[in-house]
Amino acid sequence: MRRPLLLSTRQQAFDAAKFAELAELRVAGHFADATMHTPIEVTYRAMELLRSSSADGVISFGGGSTVGLGKALVHRLGVTHLAIPTTYAGSEMTPILGQTDASGKTTITARELIPSFVIYDVELTLGLPRQASVTSGLNALAHAIEAMYSPGANPVLNLIADEAVRSMAKPIGAFAEGRLNDLTDRSDAQYASWLCAICLAQGGVALHHKLCHVLGGTFNLPHAETHAIVLPYALAFNAGSIPKVMDRLEKAIGTEPIAWLRALLLDHGLPSSLAELGMPKDGIAEAARLALAKPYPNPRALDEIALVETLSAAWLGEAPR
Ligand code: NAD
């Protein structure tokens, strides 16, 4: 790339521009409007700038929203993509693009969507605020946890998933307590997020990701926070069907996983119910229906009544059953 288009969110516009300046990049332009869930109208605006500035590639500087925009541009224009992730979402390691339009959120999976280059620089994660650090870490953990019982699970992926959970468990506890500047913790979390993303890319997902996909795409709920809240409920739903996974998780985390996941939010004053994220109560039935609309593998058979119960508990923030 000789004239890349720099991508960021508005919130990270300054940091992205500073990065480009320090790295002495000659950028063709800066599109600083990357948005969560990759709305296609934002992608179209970025495409216009890419064309009018004669950019020959994209550099995405930021979290999953910005990397997602980079992938959306690759999907449409086939440009080269360098990703510089600053959260733990892990999109930079997967062939998956999720995007939204008026009809909701859909995903595309294609190998060419994996960015050509990724730079992991732990110092770029130091500014991630406390809530985002915890919830983004939990978003990553969800990738590893679901890979443990997905149809794509295999012995190598099991090793990666166990290592990912072990490596994320300690730093995420530190982040929840407000200890955000320890480079070892940040480095462990970034390493874990990379492993978690490999689990997502190579394994597969089940109920948890399906619910978060529906909730995020239908009610525009924040991605990482939604994952963080839903994870203990989805795990409790499946726990009876995955005893070996529950044992592995307990060993990797060092304590009972469902209670630990919930305490990370509850005990540290972080949002712990879907109601707090602004999901309407009358959306519960719709979310259950949408989550069942297309069949997908899950360790425990899914039915609408059980899903409504699970979503209702998550909406209220009650103890998972
Ligand atoms: P995000 O990218 O929207 O970032 C959240 C906020 O934090 C933004 O305002 C961002 O600018 C800011 N931020 C990011 N890094 C920062 C830092 N180091 N310091 C200060 N502020 C920082 O959130 P996310 O959770 O990383 O990504 C969510 C999006 O990623 C969703 O659209 C989701 O669908 C997608 N995603 C995709 C995949 C995939 O494999 N395709 C995987 C995970 C997430």
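Whatever order the structure lists ligands and atoms in, that order sets their numbers, starting from 1. All residue numbers in this chain count up from 1 along the given sequence.
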Query raised in the report: Does the side chain of Leu249 reach to within under 4.5 Å of the side chain of Ile258, using non-hydrogen atoms?
Result: no
Query raised in the report: With a cut-off of 4.0 Å, which atoms of ligand 1 are near a heavy atom of Ala89?
Result: 26 (O), 42 (C), 43 (C), 44 (C)
Query - Residue, atom name and distance, where the atom is the protein heavy atom closest to atom 24 (P) of ligand 1 - result: Gly64 N, 3.6 Å
Query raised in the report: Does the side chain of Arg186 reach to within under 4.5 Å of the side chain of Glu123, using non-hydrogen atoms?
Result: no
Query raised in the report: Regarding Ser8 and His30, is there a side-chain donor-to-acceptor distance under 3.5 Å anywhere?
Result: yes
Query - Beyond-backbone contact of Leu211 with Val214, side-chain heavy atoms, under 4.5 angstrom - result: no
Query raised in the report: Does some side-chain heavy atom of Leu307 sit less than 4.5 Å from a side-chain heavy atom of Leu207?
Result: yes
Requested in this report: List the closest protein heavy-atom neighbour of atom 3 (O) of ligand 1: residue, atom name, distance to the nearest 0.1 Å.
Outcome: Ser65 OG, 2.5 Å
Query raised in the report: Relative to the heavy atoms of Gly63, which atoms of ligand 1 are at a distance of less than 4.0 Å?
Result: 2 (O), 26 (O)
Report task. Would you mind running through ligand 1 and noting each atom that sits below 4.0 Å from a heavy atom of Thr9? Result -> 10 (C), 11 (O)
Return all side-chain donor-acceptor pairs below 3.5 angstrom for residues 70-85, not counting sequence neighbours, or 'none' if the list is empty.
{"residue": "Lys71", "atom": "NZ", "partner": "Ser91", "partner atom": "O", "Å": "2.7"}
{"residue": "Lys71", "atom": "NZ", "partner": "Ser91", "partner atom": "OG", "Å": "3.0"}
{"residue": "Lys71", "atom": "NZ", "partner": "Thr94", "partner atom": "O", "Å": "3.0"}
{"residue": "Lys71", "atom": "NZ", "partner": "Thr94", "partner atom": "OG1", "Å": "2.9"}
{"residue": "Lys71", "atom": "NZ", "partner": "Ile96", "partner atom": "O", "Å": "2.6"}
{"residue": "Arg76", "atom": "NH1", "partner": "Ala72", "partner atom": "O", "Å": "3.2"}
{"residue": "Arg76", "atom": "NH1", "partner": "Gln99", "partner atom": "OE1", "Å": "3.3"}
{"residue": "Arg76", "atom": "NH2", "partner": "Gln99", "partner atom": "OE1", "Å": "3.2"}
{"residue": "His81", "atom": "NE2", "partner": "Ser60", "partner atom": "OG", "Å": "2.7"}

Query raised in the report: Is there a nitrogen or oxygen of Thr125 sitting under 3.5 Å from a nitrogen or oxygen of ligand 1?
Result: no
Report summary line: Among non-hydrogen protein atoms, atom 10 (C) of ligand 1 lies closest to Gln12 OE1, 3.3 Å
**Report entry** Per-atom contact, atom 42 (C) of ligand 1, protein heavy atoms, under 4.0 angstrom
**Finding:** yes
Query raised in the report: If you measure from each non-hydrogen atom of Thr86 to ligand 1, which part falls under 4.0 Å: side chain, backbone, both or neither?
Result: both
Query raised in the report: Does atom 7 (O) of ligand 1 have a protein heavy-atom neighbour under 4.0 Å away?
Result: no
Query raised in the report: Does some side-chain heavy atom of Leu69 sit less than 4.5 Å from a side-chain heavy atom of Thr43?
Result: yes
Query raised in the report: With distance as the sole test, does Arg3 use its side chain to make a donor-acceptor pair with the main-chain N or O of Ser53 at under 3.5 Å?
Result: yes
Report task. Identify, by atom number and element, the atoms of ligand 1 in contact range of Ile96, meaning under 4.0 Å from any of its heavy atoms. Result -> 39 (C), 41 (N)
Requested in this report: Verify whether one side chain among Gln12 and Thr86 offers a donor that lies under 3.5 Å from an acceptor in the other.
Outcome: yes
Requested in this report: May I ask you to list the atoms of ligand 1 that are less than 4.0 angstrom from any heavy atom of Thr87?
Outcome: 14 (C), 15 (N), 26 (O)
Query raised in the report: Which one holds for Lys105 and ligand 1: side chain close, backbone close, both close, or neither close, with close meaning a heavy atom under 4.0 Å?
Result: side chain
Requested in this report: Determine whether any heavy atom of Lys71 lies closer than 4.0 Å to an atom of ligand 1.
Outcome: yes
Requested in this report: Give the numbers and elements of all ligand 1 atoms closer than 4.0 Å to a heavy atom of Leu124.
Outcome: 18 (N)
Report summary line: Nearest non-hydrogen protein atom to atom 44 (C) of ligand 1, with distance, is His223 NE2, 3.3 Å
Query - Protein contact of atom 38 (C) of ligand 1 - nearest heavy atom, named by residue and atom, plus distance - result: Ser91 CB, 3.5 Å
Query - Nearest-contact summary for atom 5 (C) of ligand 1 - protein heavy atom, Å - result: Met36 CE, 4.4 Å
Would you give me the side-chain donor-acceptor pairs under 3.5 Å for residues 164-172, sequence neighbours excluded?
{"residue": "Arg166", "atom": "NH2", "partner": "Glu163", "partner atom": "OE1", "Å": "3.0"}
{"residue": "Ser167", "atom": "OG", "partner": "Glu163", "partner atom": "O", "Å": "2.7"}
{"residue": "Lys170", "atom": "NZ", "partner": "Asp185", "partner atom": "OD1", "Å": "2.8"}

Query raised in the report: Got the closest protein heavy atom to atom 40 (O) of ligand 1, with its distance?
Result: Thr94 OG1, 2.5 Å
Query raised in the report: When you measure from the side chain of Arg248 to the backbone N and O of Asp162, does any donor-acceptor pair fall under 3.5 Å?
Result: no
Report task. State the atoms of ligand 1, each with its element, that fall below the 4.0 Å cut-off from a heavy-atom position in Gly127. Result -> 19 (N), 20 (C)
Query raised in the report: Among protein heavy atoms, which sits nearest to atom 25 (O) of ligand 1, and what does the distance come to when rounded to 0.1 Å?
Result: Ala224 CB, 3.8 Å
Query raised in the report: Where do Glu146 and His208 land on the side-chain hydrogen bond (donor to acceptor under 3.5 Å, both in side chains) test, with the steps shown first?
Result: CA-CA 8 Å; Glu146 290 233 293; His208 169 77; 5.7 Å; no
Query - Close side-chain approach of Trp260 and Leu264, heavy atoms under 4.5 Å - result: yes
Report task. May I ask you to list the atoms of ligand 1 that are less than 4.0 angstrom from any heavy atom of Leu200? Result -> 40 (O)
